[in-house]
Amino acid sequence: MDSIKAIRGMVDILPETSFLWQHVEAAARRVLAGYGYQEIRLPVMESTGLFARSIGEVTDIVEKEMYTFEDRNGDSISLRPEGTAGCVRAVVQHNLAITPRRLWYMGPMFRYERPQKGRQRQFHQLGVEAFGVASPDQDAEILLLCQRLWQALGVADDLKLELNSIGNTASRDRFRSELVKYLQQYRGDIDEDSQRRLETNPLRILDSKHSRTQEIVDSGPRLLDFLDDESRADFERLQDLLSTSGVAFELNPKLVRGLDYYNKTVFEWTTTALGAQGTVCGGGRYDGLVRQFGGKDVPAAGFGLGLERLILLMQAQGEQKEPAAEIYVVTSDESAYRHALPRVEALRSAFPRLRIVQHLGGGSFKSQFKRADKSGAALALVFGDTECSNNTVTLKPLRGGDQRSIDDAGLSDAVAEQFEIESEEVF
RNA sequence: GUGGCUGUAGCUCACCAGGUAGAGCACCGGAUUGUGACUCCGGAGGUAGCGGGUUCAAGACCCGUCAGCCACCCCA
């Protein structure tokens, strides 16, 4: 029997990187809370129809990338390929959109694609969705929030904001038919994929990577020229807001996004540091989606942020290592261990944020100190026969300095001094 | 889904007209028995991704398969 391995595209996040995840997640929570966003936790499975109707029947995601199967009762259900659909469903189902509502969620998404760096079959997104505000100050807010997160994580310089407006449904339809009409003339010249999209999703031809197709597109009709007045005005105001609040951006008239539900503002934060998978965060406005799911006519805007890609970006700047524990406790034998245990527990109570590692499994002092050294701890606490019999502890700095013995009673103060912290006495 | 590259100890890699595997790091133990790092000595660890084929003989060649990577595609 072959050894059992994780299935393709599903990866384990090991301890050497899980701390980075925690760091990113904590930063995100902090930033989100700072803007008044609240967490919503959603199922990872939904009715297949939910995704088909929101994302778009003819998108790649729905056509060939979903994990879809029959529930035991025969219903077709799917693992979520993205979060917005489920979030909108929940908002409608629980009537959450009656007031301005700022939401976020974090969790795994599933897409059956060929894995590559920055692209897995199970990956993780932070999703942010804001309901109830139609004006571009909402768009600006979520972009500001993004930028704050980039700054908090030190990746602001690696990310570029690309911005576009794809207008309302009517103006987009007008543009689409003009575009199709134009491209029909060059049917034989454009690439195969684009020819297919001529029928299914013509807008996607705009960001084709084929150079010949690109040339043809470049001299064709421009989306911007077809924008309705409201979209145009909002788009200009958004740019103005971003400029005054210090968010740099680049207009990309060919940015259209792959999902059907977007309108007006669309954007992507991209990097060149990750190869072909350069989009770290993407989103926009989706004013019609809530209504489409039977809710009120509530405008909305949001984005999805790829956590793996964000973390890859941080790792690309250099190795990220988890800081070592502060203290390593060494004991000479069983009785010393019993002696030390309550004292170490008291220390943990007094300094809940210190990481104190107790040596386990016995062994000679020599081997215990080897462990202590390897642990990277700054300080070893030594409980030997001598210490135990006269109620003292030896503090041995492991990164330089002389060791000294003190009375048990002074341990707390000595530790506080060494790490320049105060006792919190939290239990 | 398409094309290409790769797959040898925990990690990074090597060897080899095809003759049943080696280094560095990591790991474990020791260098007079209450003290780590440096040094020295010793040790453990691989049916060479998996399956099949060619051959007297394959990790090395061929086929298949699985996985990773790169590009396409797609997007996070």
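Hydrogens, waters and symmetry mates are skipped; everything else that's a heavy atom, side chains included, is used. Proteins come first, then strands; the chains are lettered A, B, ... in the order of their sequence lines, and each starts at number 1.
At a cut-off of 3.5 angstrom, counting only N and O atoms as typed in the model, there is a donor on one side and an acceptor on the other between the side-chain of A:Glu113 and the base of B:A76. Residue A:Lys396 places a side-chain atom within donor-acceptor reach of the base of B:U35, judged by atom type and a 3.5 Å distance cut-off alone.
Here A:Glu326 does not pair with A:Arg399 in a salt bridge; the nearest charged N to carboxylate O distance is not below 4.0 Å.
A:Gly400 comes within 4.0 angstrom of no nucleic acid atom, judged by non-hydrogen atoms across all strands. Within the nucleic acid shown, A:Lys117 comes within 4.0 Å of sugar-phosphate atoms alone, with no base atom in reach, counting heavy atoms only. Contact annotation for A:Glu387: base contact, defined as any heavy-atom pair under 4.0 Å involving a base atom. When heavy atoms are screened at a 4.0 angstrom cut-off, A:Gly275 is found touching the sugar-phosphate backbone but no base atom. Using a 4.0 Å heavy-atom distance criterion, A:Arg111 is classed as a base contact. Within 4.0 Å of A:Arg257, counting heavy atoms only, lie sugar-phosphate atoms of the nucleic acid but no base atom. Residue A:Ala372 is out of contact with every strand shown, counting any heavy-atom pair closer than 4.0 Å. Base contact: A:Val382 has a heavy atom under 4.0 Å from a base atom.
Proximity note for A:Lys370 (side chain, C-beta onward) versus B:A76, B:A71, B:A37: the nearest is B:A37. Closest to the side chain of A:Pro115, from the set B:C73, B:G68, B:A76, is B:G68. Here the nucleotide nearest the side chain of A:Gln403, chosen from B:C73, B:U35, B:A76, is B:U35. Counting only heavy atoms from C-beta on, A:Arg114 has its side chain closest to B:C69 among B:A76, B:C27, B:C69. Taking every side-chain heavy atom of A:Lys374 into account, B:C28 is the closest of B:C28, B:C73, B:G68.
Across the P atoms, B:C28 and B:C38 are found 13 Å apart, a figure rounded to whole Å.
Within residues 304-324 of chain A, the residues having any heavy atom closer than 4.0 Å to RNA chain B are, in order of number, A:Gly304, A:Gly306, A:Arg309.
Listed by first then second residue, pairs satisfying side chain to side chain donor-acceptor pair (under 3.5 Å) with a partner in residues 367-382 of chain A read A:Ser364-A:Ser367, not counting sequence neighbours.
By the 30° and 60° cut-offs, the orientation of the rings of A:Tyr186 relative to A:Tyr182 is tilted.
Contact check for A:Thr271 versus A:Lys160: no side-chain heavy atoms found under the 4.5 Å cut-off.
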